[in-house]
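The structure under discussion appears below in the form of C-alpha cells.
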Amino acid sequence: MGDFGSDGSSSMSVVMYPWLAFGHMTAFLHLSNKLAEKGHEIVFLLPKKALDQVKPLNLYPNLITFHTISIPHVKGLPPGAETNSDVPFFLTHLLAVAMNQTRPEVETILRTNKPDLVFYDSADWIPEIARPVGAKTVCYNTVSAASIALTLVPAAEREIIDGKEMSAEELAKPPLGYPSSKVVLLAREAKTLSFVWRRHEGIGSFFDGKVTAMRNCDAIAIRTCRETEGKFCDYIESQYNRPVYLTGPVLPVDEPNKTSLEPRWADWLAKFKPGSVVFCAFGSQPVVDKIDQFQELCLGLEATGLPFLVAIKPPSGVSTVEEALPEGFQERVRGRGVVYGGWVQQPMILDHPSVGCFVSHCGFGSTWESLMSECQMVLVPQHGEQILNARLMAEEMEVAVEVEREENGWFSRRSLEDAVKSVMGEGSEVGEKVRKNHDKWRCVLSDSGFADGYISKFEQNLTDLVKS
Ligand SMILES: C[C@@H]1O[C@@H](OC[C@H]2O[C@@H](Oc3cc4c(O)cc(O)cc4[o+]c3-c3ccc(O)c(O)c3)[C@H](O)[C@@H](O)[C@@H]2O)[C@H](O)[C@H](O)[C@H]1O
Ligand SMILES: O=c1ccn([C@@H]2O[C@H](COP(=O)(O)OP(=O)(O)O[C@H]3OC[C@@H](O)[C@H](O)[C@H]3O)[C@@H](O)[C@H]2O)c(=O)[nH]1
C-alpha cells in the first residue's frame with residue numbers, strides 16, 4: 001500500500017492494466033508519467049512483447065515499474081499474439097478472451113502490492129479483485145467521450161433478437177438525450193458499429209463489457225477536456241451516475257534530454273522545404289484492410305505532387321507493405337515518397353519543420369497529437385470511433401478536412417488528392433479557415449497552465465477518492 005495519508009505524505013500507489021493495444025498502453029503510460037511527476041508510484045502491467053516499444057516512454061523509471069503478464073494462447077488467435085497489432089480486426093474479441101484469462105495473475109499482483117488505486121479500461125473484472133484488497137478502481141477511457149456517449153451508455157442498450165444483426169439505420173440511431181447532431185454517423189458508416197452489440201461466446205458483447213467496466217468502477221476517467229467534449233462528458237456522468245474525472249490531453253512534454261528523431265527520417269525530411277511534406281500514419285493496428293484501398297491511398301498521395309512519408313501496417317493477405325504497393329509506384333515516387341511498415345516516432349515527425357500536413361486515421365491519441373501540432377489535418381477515419389473523432393474535428397471544431405467517401409465507403413485517390421490540396425494549396429479558402437481555427441485551438445490547448453491544470457485537478461480527484 002502507498003504511504004497515502006499515513007504520515008502526512010500523499011504518495012499513492014497505483015496499478016495500471018490497459019487494453020492490449022498500443023494506442024491504449026501509450027495513453028496509460030503518458031498518464032503514469034504525469035502521476036509519477038507528482039511523486040506517485042505505478043506498477044504497469046503489460047504483455048512481454050509490448051515492453052521494448054513502451055519502455056522508452058517511461059520518464060520516471062524510479063517510480064514506474066513494468067510488470068509483464070503472460071497472455072495465454074486462445075484457439076483462433078495467431079500463435080504468440082499478445083497485442084492487437086498481432087491480431088486481425090475481426091478477431092479482436094479473442095484477444096479480450098485471452099486478457100480475461102490473465103485474471104489469476106493480476107489478482108496475485110494486487111494481493112502482493114495492495115495498491116490504493118487500480119486503473120483499467122477493458123478488464124471489466126478488475127473491481128471484483130481490487131475491492132477485497134482495499135483498492136479504489138478507475139475505468140480510464142482513452143477514446144473520445146463522444147464515442148462512449150454514442151454507443152457505450154445504458155441508454156444505448158439494444159435488444160438483439162436471436163443473434164440477428166441490426167440494420168444500418170438502427171445502428172446509426174443515437175441514444176435518447178445524446179447531445180450532438182453533428183458528431184453522429186451516417187447509416188452506411190454505422191455498419192462498423194455492429195461489433196459493439198454482437199455477442200461472443202464466453203465474453204458477451206463489447207457493449208456488455210464496457211458498461212460493466214463503467215458501472216462497477218469507483219470513478220470513470222476520460223482522456224479529454226471540457227473545452228472540446230464537455231457536453232459528452234456530462235451526458236456520460238448522467239448515464240452512469242458515477243463521477244467522471246477528466247485528465248486533459250495528457251501528452252508528453254518535450255524533455256531536454258529526450259531521444260531525437262531517427263537519423264534516417266531526420267535526414268530524409270531535411271531534404272524538403274519547410275511545411276511541404278505530407279505525413280500519413282494510421283496508428284498501431286492494421287486499419288486499411290483491403291489491398292485496393294491501400295493502393296488508392298498511395299496513389300492519392302502520389303497525385304498530390306508533394307513529398308510524403310507514410311507509416312502504415314500492411315493490408316490483409318500480405319506480410320509487408322512493399323508487397324502491397326501499386327505497380328511501378330516506388331520508381332515513380334523515388335526521392336519524394338516513402339511507404340514504411342514499421343514503427344516511427346510520430347510525435348517527433350509531426351514536430352519536424354518540413355512536415356506541413358498530417359493525413360490521419362483519427363485514433364484518439366493521434367487526434368490529440370495533431371491538434372497540438374502545427375500541421376494541416378486531413379482525416380481518413382476507418383471505424384466508428386475514429387469517424388466520430390473526425391466529425392468532432394471537421395464539423396464541430398472545424399480544424400480539419402475529412403476525405404469524402406462514396407456510398408460503398410470507398411475513398412478514391414482523387415478525393416484524397418483533393419482533400420490534401422484543399423489544405424495545402426496556397427490561397428485555398430478551406431485551408432485558411434481550418435488553419436485559423438486550428439491555431440486558435442492549439443493556443444488554448446497548449447497554454448502552459450492548461451494541461452497542468454487538468455492533471456492537478458485529476459490528482460485532487462484521485463486523492464479524494466482514495467480518502468473516501
Ligand atoms: C470485439 C471486437 O472489437 C473491435 O475492436 C475493438 C476496438 O475498440 C476500440 O475501442 C472502442 C471502439 C469504439 C468504436 O469503434 C465505436 C464507438 O462508438 C465506441 C468505441 O469505444 C471504444 C472504447 C471505449 C472505451 C474504452 O474504455 C475502450 O477501451 C474502448 C479500441 O480502441 C481498439 O483497440 C479495439 O481494437 C473490432 O472492430 C472487432 O470487429 C470486434 O471483434
Ligand atoms: O508508427 C507509429 C504508430 C503510432 N504511433 C503512436 O501510437 C499512438 C497510436 O494511437 P492512436 O490512438 O492514434 O491509434 P491506434 O489506432 O493505435 O489506437 C487504437 O486505440 C485508440 C483508438 O482511438 C483508436 O481508434 C484505436 O485504433 C500515437 O500516440 C502515435 O503517436 C507512433 O508513435 N508510431
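Residue numbers start at 1 and run along the sequence shown. Note that ligands are numbered from 1 as they come in the structure, with each ligand's atoms numbered from 1 the same way. Computed from heavy atoms alone, side chains included, the values below leave out hydrogens, waters and symmetry copies.
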With a heavy-atom distance limit of 4.0 Å, tell me whether Thr142 approaches ligand 1 through its side chain, its backbone, both, or neither.
neither

Take the angle between the ring planes of Tyr178 and Phe232 and call it parallel below 30°, perpendicular above 60°, tilted in between.
tilted

Determine whether the aromatic ring centres of residues Phe206 and Trp197 are separated by less than 6.0 angstrom.
no

What's the shortest distance from atom 33 (C) of ligand 1 to any protein heavy atom, and which residue and atom give it?
Gln285 OE1, 3.5 Å

At under 4.0 Å between heavy atoms, what of His383 touches ligand 1? The answer is neither

Min heavy-atom dist Asn84 to ligand 1 below 4.0 Å:
yes

Are any of the heavy atoms in Thr142 under 4.0 Å away from ligand 2?
no

Region of Arg198 that comes within reach of ligand 1 [heavy atoms, distance under 4.0 Å]
neither

Which bit of Ala21 is near ligand 1, meaning a heavy atom under 4.0 Å away: side chain, backbone, both or neither?
side chain

Just heavy atoms, cut-off under 4.0 Å: does Thr192 contact ligand 1 by side chain, backbone, both, or neither?
neither

Side chain, backbone, both or neither: the part of His24 lying under 4.0 Å from ligand 1 by heavy atom
side chain

Spacing of CD1 belonging to Ile387 relative to OG1 belonging to Thr192, to within rounding of 0.5 Å
4.5 Å

Arg442 and Asp439 ion-paired at < 4.0 Å
yes

What protein heavy atom lies closest to atom 40 (O) of ligand 1? Include the residue and the distance to one decimal.
Phe89 O, 3.5 Å

Measure the acute angle between the ring planes of Phe28 and Phe119, then classify it against the limits of 30° and 60° as parallel, tilted or perpendicular.
perpendicular

Is at least one protein non-hydrogen atom found at under 4.0 angstrom from atom 37 (C) of ligand 1?
yes

Say whether Ala21 and ligand 2 are in contact under the criterion: heavy-atom distance to a ligand atom below 4.0 Å.
no

So which bit of Val143 gets within less than 4.0 Å of ligand 1, heavy atoms only: side chain, backbone, both or neither?
side chain

Return the residue, atom name and 0.1 Å-rounded distance of the protein heavy atom closest to atom 18 (O) of ligand 2.
Gly23 CA, 3.6 Å

What I want to know is whether His361 and ligand 2 share at least one N or O pair that is separated by under 3.5 angstrom.
yes

